Structures are given as structure tokens and as C-alpha cells.
Amino acid sequence: MTDLHDDSLDLPEQHRVRLAKRARLLAEGRDPYPVSVPVTHTIAQVRAAHPDLEPGAETDDVVGVAGRVVHLRNTGKLCFVSLADGAGERLQVMLSLAEVGEESLEAFKDDVDLGDHLFAHGRVISSRRGELSVLADDWQLAAKALRPLPTLHKESSEENRVRRRYLDLIARPAAREMVRVRSAVVRSLREELHQRGFIEVETPILQTQPGGAAARPFVTHMNAYDIDLYMRIAPELFLKRAVVGGIERVFELNRIFRNEGADSTHSPEFAMLEAYQAYGDYQTVATLVRELVQAAAVAAFGSTTVTLADGTEYDVGGDWPQIEMYSATSEAMGTTITPETPLEELMTLADAAGLEVNPAHVIPGKVSELLFEHYVGDHLVEPTFVLHYPVDTSPLVRAHRSQPGVVEKWDLYVRGVELATGYSELVDPVVQRERFEAQALLAAKGDHDAMRVDEDFLEAMEHGMPPMGGFGMGLDRLLMALTGQGIRETILFPLVKPR
RNA sequence: GGGCCUCUAGCUCAAUCGGUAGAGCAGCGGACUUUUAAUCCGUGGGUUGUGGGUUCGAGCCCCACGGGGCCCA
């Protein structure tokens, strides 16, 4: 084409051809990007209105529809074009010489490419082969695509899937399904919590002091005050302040940020649900979490039995077993460990299991947890609550009411992955201060994940925090559990390194 | 952080022992009034991730770097 400038010559041929078409349309006074087109029906509505039209049948229904061109077939004086809507629903449009005339048909052949958005107006009919169609009497380009659609018959490479998710959504039904499932799950979680009297709040994402979890934060800078701020690693300490203020059932479902690795189970930003219930305890919230997960499965799939990506079925229905961390680990190892087992003995067991212990993690509770994960946690298939963790790894949890050395905490394991954690929350400000100080010592020894003393939070607590149960559940993890997909498939636009 | 695999046309992938870089879809030109990834005839398209090295000769072998994936920690 002669009307292209030099700097467009390194573009792929298909891109150049489409740019030229756009320029030609503009020169002819025909807008390749009209403000609107007179759509009267969605593709889904047309399909729903004519569920079983006989092959060759014609109706008097006149509709205006629009969608992305995903197939083009030209048999000379008759063109077939398949339009797709955002849900992947398709509808065929037929352009016949007899209906639109020679000029319009030639323009269609010259102007319309795969990937364009097209508007068509005409009667709803069924083709000879029984394909529901709009027999166009008029058509108009709704938006010109300058780049070609990828081949729709093959899945994109892993990299292109996440870098150009919009193409993945166009080409792959499972990608669209994940968006629908995630939305259904989020909506279900909110509705179930609202039904139980929980109030949703939004707490600070930019914090002067990160807290509420053991994780490394992202650091950012605020110019106006010239201070460093942290992206939150958990909403916990603010939600508890809300409970102190009288919001007795409170939750937040939003993004948190952890400056750690990114792999098939970890994303640096992910969605977390945390909820706190005054006058409840760890068993109250265990029941709550089970009900939320089961309701989410039903909302997304219509059943508590879900089909995973590998085709296997997985049932999250019914009651879920509860096991105790120390006794389950002892049983699996054949050696009894308790919260009183000396560190040296635990280290010997860790060595025997071939576990490498990070020097910052050489405390009895952490080593016991590593043993648990190795011998038990990784093998838990059905949804299981693991109860009663060591005190020294759970600085925000209250001590067990009768068992010494452990706290009233559970971790929920689903297919070997930690899905959620729940506590009888620590509400004694004096004990909380001691726990923070013990954490600060660990931080001084080089544990980047250790918590720091949060005076502002302690002051809130000193005004009287009611007894409560609380839990946290990763939304992305929940979707992984219910679908069997990797975390990057559950996140619409995961972070990808720039090329 | 460690190990392994991978990067070739717009997309998805081939290329034997180191010897002229190919296919399908998409594109371009043409035929065709009921197609369904339409069909038929003709045809263009490449800095093989980047930078070095070995070699008469590198998509292929070696080194470094970058992107992606899997496994381990």
C-alpha cells in the first residue's frame, strides 16, 4: 500500500494492511470506530428467543446485533460471519447479494477482517444446515481491529496467556469460565457473611507499620510527609481495632501484598478474606469457614462436589475432620513430640527427615511445624482442620484454655495446601505486648518475617477487646482448591516480568 | 536461591549427524449464493530471545544475559 509511512514498514504485513483499511475508511467518510451502533438484542437474547428453529426456517424478527468476528466464510455472492459476545456465545450473520446489494457486499469483503467488531441488522433465520443466523439487510463496522486474532484452534502459550489475557479470554472458554467462577465465589462469600450479620469494611493498605502476619512487606515512599510506608501484609490489626470500636462482626475482602517469591502457588499480590466475630472462638469460625467454602462451591458449580482441572472430582461437602498437630505428627513419625520436646531432639528429627532448617527458624515451635508439614500436612487430601499450634509461632493467638504450650488455632488443609487459618484471638494486652517483644527479638536475630511491637495497636487493645474468633482465607487459594488450577490462572491479570 | 526444560513467521508448532529455515491457521490475488477450522487455484511473509565464542559453515555445539514453564528448597 502506498499511503503508509516509512516507520510502519517494520510492522507485520497483517497490521499494515489493516492500518491501510482504517485510513481508507476514514478517507471515504466511513467511521471505523463509530460512537455507537443500534444494537437491539444481545447475541444471547437472540439465541434464547429462538432455541430450536427448523433448518431453513425464517422469522419476521428483525434484530440489530454486534459482536467480534471470529469466523469469516465467503462463498462468492454469500458471506457467513460468526460473531462472538463476551461470554463466548456465538451467532452467525449471513450477507447475501440479494439482500444487501453488490456495493454493500463488496464493501463487506474489502473492509471486514477477523477480530473486528461488527454490527448487523436483519431478520432472524435458520440456515439450510440449521445454524441460527441473522440474514443481514444492513451492516456496519463497530470497531476495526488492527492486529490479527490468534488462531482460535490452539491454546496460547503459557506466557501469552498471562501477558495478553484478553486474547486468552477470546480464545479459551476455560479462561472465561475462571472469571465467572471467581466472581461467583466472591459474591457468595460476601452474601453469606452479610446474611450472618457481618459488616464489610476497608482498612488501610498503606501502613506506617506492617503487621498481622509473618511476611516481608513491600516498602514505598510518601512524598508529602517524606516517610516510608509499607503495603499491608494483612488487615488483621485494623480489623481488630474495628472490633474494639464495637463493630462486633467485621470482615474485609481485598488485596494484600507480600514481598516474596512468585511461583505456581504464590503471587506477590493476592486477595484475602479476614473476618472477626466477637464472642466467638476458633471453633465458631471453623464452622463459619466450612459453610462459606461449601456455599461458594454451590454458588460457582451448583454442588459441593467440584471437578478439578485434571478431571478428578473433589467433594468439599459434609463435616470436615479435625486433627491435632502434635499428635498427628507423632503418629506419622512414630516418635512422640509435644510442646515440651527440647529443641535438640526436634533438630535431630528434622535432620533424620532430611529437612533443612533456616537458622532464623531454629525455635521449637517452628521446627515442630516443619515436621508436621513434612510428615502430615503435605499428604492431607480431604479438607482437614489441623488444631493447636505451638505458642512461639502464633503471636496473635490466645493460649489454649486447658492444654499447655499450644494455642487455640487451626489451619485448614485442602489437598495438601493451607487454605485458611483461624484463631481464638488473643485479647489480653499485657500478654500481647510480651508476644510482640519475643517477635522483636527474632527480628533482631535476622528473621525478616518476624512481627514488630505495634504500640498503636496495643493502645487500642488496652481499651478492652472482647473475646473473639477470627480467620483468614486466601481467595486465590480457595479458587485453586475448587478448580485445581494454578494461582496465575485464578488471577485475571497476574504480575508478569517485563520483557 | 538450586536443578531441569523452553524461546523459530501474526498465532500454534516442525527442521534427521552442524550443510539452502518449513507446515497448519491467519494474510495477499483470484473462483464460488447455505458455510461450520468451508473448498479450489495462485502467492508474499524470518535479525531463529539478546550478546559473544567454536567452525569452511550454527536454529542446532559452547559461554553469558533476559523471558516463560516444571520440580526442589
Side-chain angles (χ1 to χ4, degrees), chain A residues 1 4 8-21 53-58 69-84 90-102 104-106 108-116 122 125-136 145-168 170-172 216 259-266 350-351 353-361 370 373-374 378 416 448 485-489 494-499:
Chain A
M1 298 278 161
L4 293 173
S8 65
L9 288 178
D10 55 347
L11 290 174
E13 181 194 17
Q14 300 186 52
H15 198 154
R16 293 201 308 267
V17 167
R18 286 159 183 246
L19 270 174
K21 286 186 184 181
L53 217 49
E54 291 292 311
E58 305 204 353
V69 176
V70 291
H71 288 297
L72 264 176
R73 293 174 290 274
N74 171 9
T75 68
K77 297 183 178 62
L78 180 63
C79 293
F80 299 89
V81 48
S82 301
L83 301 184
R90 293 183 180 186
L91 183 65
Q92 179 166 275
V93 172
M94 297 164 63
L95 292 105
S96 134
L97 178 65
E99 288 285 327
V100 299
E102 187 169 353
S104 175
L105 187 65
E106 286 309 308
F108 178 85
K109 292 181 193 173
D110 287 343
D111 299 348
V112 178
D113 292 305
L114 275 177
D116 292 350
I125 66 161
S126 174
S127 75
R128 259 177 227 171
R129 295 286 177 88
E131 181 77 28
L132 188 67
S133 307
V134 171
L135 181 60
L146 295 182
R147 292 178 187 265
L149 224 43
T151 177
L152 298 178
H153 318 301
K154 292 272 178 67
E155 290 189 351
S156 299
S157 62
E158 290 284 345
E159 187 167 358
N160 273 331
R161 272 197 206 179
V162 291
R163 281 195 195 276
R164 300 196 290 181
R165 181 72 86 190
Y166 46 92
L167 293 179
D168 190 35
I170 292 167
R172 196 167 58 96
R216 295 182 77 164
N259 204 345
E260 294 164 352
D263 59 31
S264 53
T265 55
H266 296 82
D351 280 344
L355 297 172
E356 284 178 37
V357 182
N358 179 331
H361 291 162
L370 290 172
E373 284 168 22
H374 177 75
D378 295 345
H448 295 286
Q485 305 258 26
I487 196 168
R488 294 180 131 219
E489 296 295 336
L495 181 74
V496 195
K497 265 198 199 181
R499 273 201 237 256

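Within every chain, numbering begins at 1; the chains are lettered A, B, ... in the order of the sequence lines, protein sequences first and strands thereafter. Note that this is a predicted model, so its numbers are computed, not measured.
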task: Grab the CG-P distance between A:L11 and B:U47 for me, whole Å please.
output: 13 Å
query: Any ion pair linking A:R16 and A:E13 (charged N to carboxylate O, less than 4.0 Å)?
result: no
message: Partner lookup for B:G45, please. Criteria are Watson-Crick or G-U wobble with both distances under 3.5 angstrom; report none if nothing qualifies.
response: none
- prompt: Looking for any heavy atom pair under 4.0 Å, which part of the strands does A:H15 touch: base, sugar-phosphate only, or nothing?
  reply: nothing
message: Between B:G3 and B:C60, how many Å separate the two P atoms, rounded to a whole number?
response: 23 Å
- request: Under the side-chain hydrogen bond (donor to acceptor under 3.5 Å, both in side chains) rule, collect the residues that match up with A:E159, sequence neighbours excluded.
  value: A:R163, A:R499
task: Quickly work out the A:R147 CZ to B:G27 C1' distance and round it to whole Å.
output: 15 Å
query: Just by protein heavy atoms under 4.0 Å, how would nucleotides 2-11 of chain B read 5' to 3' in B, S and -?
result: --------BB
message: Is the shortest side-chain heavy-atom distance between A:R90 and A:H71 below 4.5 Å?
response: yes
Syn or anti for B:C17 (syn when the glycosidic angle lies within 90° of 0): syn
- request: Between B:G69 and B:U55, how far apart are the P atoms? Round to whole Å, please.
  value: 38 Å
field: Nearest non-hydrogen partners of A:S127 and A:M94, listed with the distance
entry: CB-SD, 4.1 Å
B:U48 and B:C41, which share atom name P, separated by this distance in whole Å: 32 Å
Whole-Å distance separating the CZ atom of A:F80 from the P atom of B:A38: 11 Å
task: Mind listing the closest non-hydrogen atom pair of A:L72 and A:V112 along with its distance?
output: CD1-O, 3.7 Å
- request: From the options B:U33, B:U34, B:C28, select the nucleotide whose nearest atom is closest to the side chain of A:D113.
  value: B:C28
- prompt: Is A:F80 close to A:N74 at the side-chain level, that is, under 4.5 Å between some pair of heavy atoms?
  reply: no
- line: With sugar-phosphate taken as primed atoms, P, OP1 and OP2 and all else as base, the protein-contact string of nucleotides 68-73 of chain B at under 4.0 Å (heavy atoms; B, S, -) is SSS--B
field: Whole-angstrom distance between B:G49 and B:G29, as gauged at atom C1'
entry: 34 Å
task: Could you check whether A:L97 gets within reach of a base, just the sugar-phosphate, or nothing at all, counting any heavy atom under 4.0 Å?
output: base
message: Could you tell me how far B:C65 sits from B:U6 if I compare only their C1' atoms? Round to whole Å.
response: 16 Å
field: Nearest-neighbour nucleotide for the A:H153 side chain, B:C25, B:U33, B:G27 considered
entry: B:C25
query: How is A:A98 classified with respect to the nucleic acid when contacts are heavy atoms under 4.0 Å: base, sugar-phosphate, or nothing?
result: base
query: Whom does B:G1 pair with, Watson-Crick or G-U wobble, provided both distances fall under 3.5 Å?
result: B:C72
task: In whole angstrom, give the distance that lies between atom CG of A:L19 and atom C1' of B:C28.
output: 16 Å
statement: Tightest non-hydrogen contact, residues A:Q14 and A:P148, listed as OE1-CB, 3.3 Å
query: Rounding to a whole Å, what distance do you find between A:I170:CD1 and B:A26:C1'?
result: 15 Å
field: Interatomic distance, A:L95 CG vs B:U33 P [rounded to whole Å]
entry: 15 Å
query: Which whole number of Å gives the distance between the P atom of B:G30 and that of B:C62?
result: 50 Å
- request: Answer yes or no: is there an ion pair linking A:E155 with A:R161, defined by an N-O contact shorter than 4.0 Å?
  value: yes
- prompt: How many Å lie between CG on A:N74 and P on B:A31, as a whole number?
  reply: 10 Å
query: To the nearest Å, how far apart are A:L167 CG and B:C25 P?
result: 20 Å
field: Salt bridge present between A:K21 and A:D111 (N-O < 4.0 angstrom)
entry: no
message: Please compare A:E131 and A:G76 by the position of their nearest nucleotide in RNA chain B and report the one closer to 5'.
response: A:G76
query: Quick one: does A:C79's side chain get under 4.5 Å of A:L105's, heavy atoms only?
result: yes
- request: Pick the C1' atom in B:C56 and in B:A15, then give their distance to the nearest Å.
  value: 22 Å
- request: Please state the P separation for the pair B:C4 and B:C63 - nearest whole angstrom.
  value: 11 Å
- request: Over all heavy atoms of both residues, which pair between A:V100 and A:A136 is shortest? Give the atoms and the distance, please.
  value: CG1-O, 3.4 Å
Partner nucleotide of B:A14 by Watson-Crick or wobble geometry (both distances under 3.5 Å): none
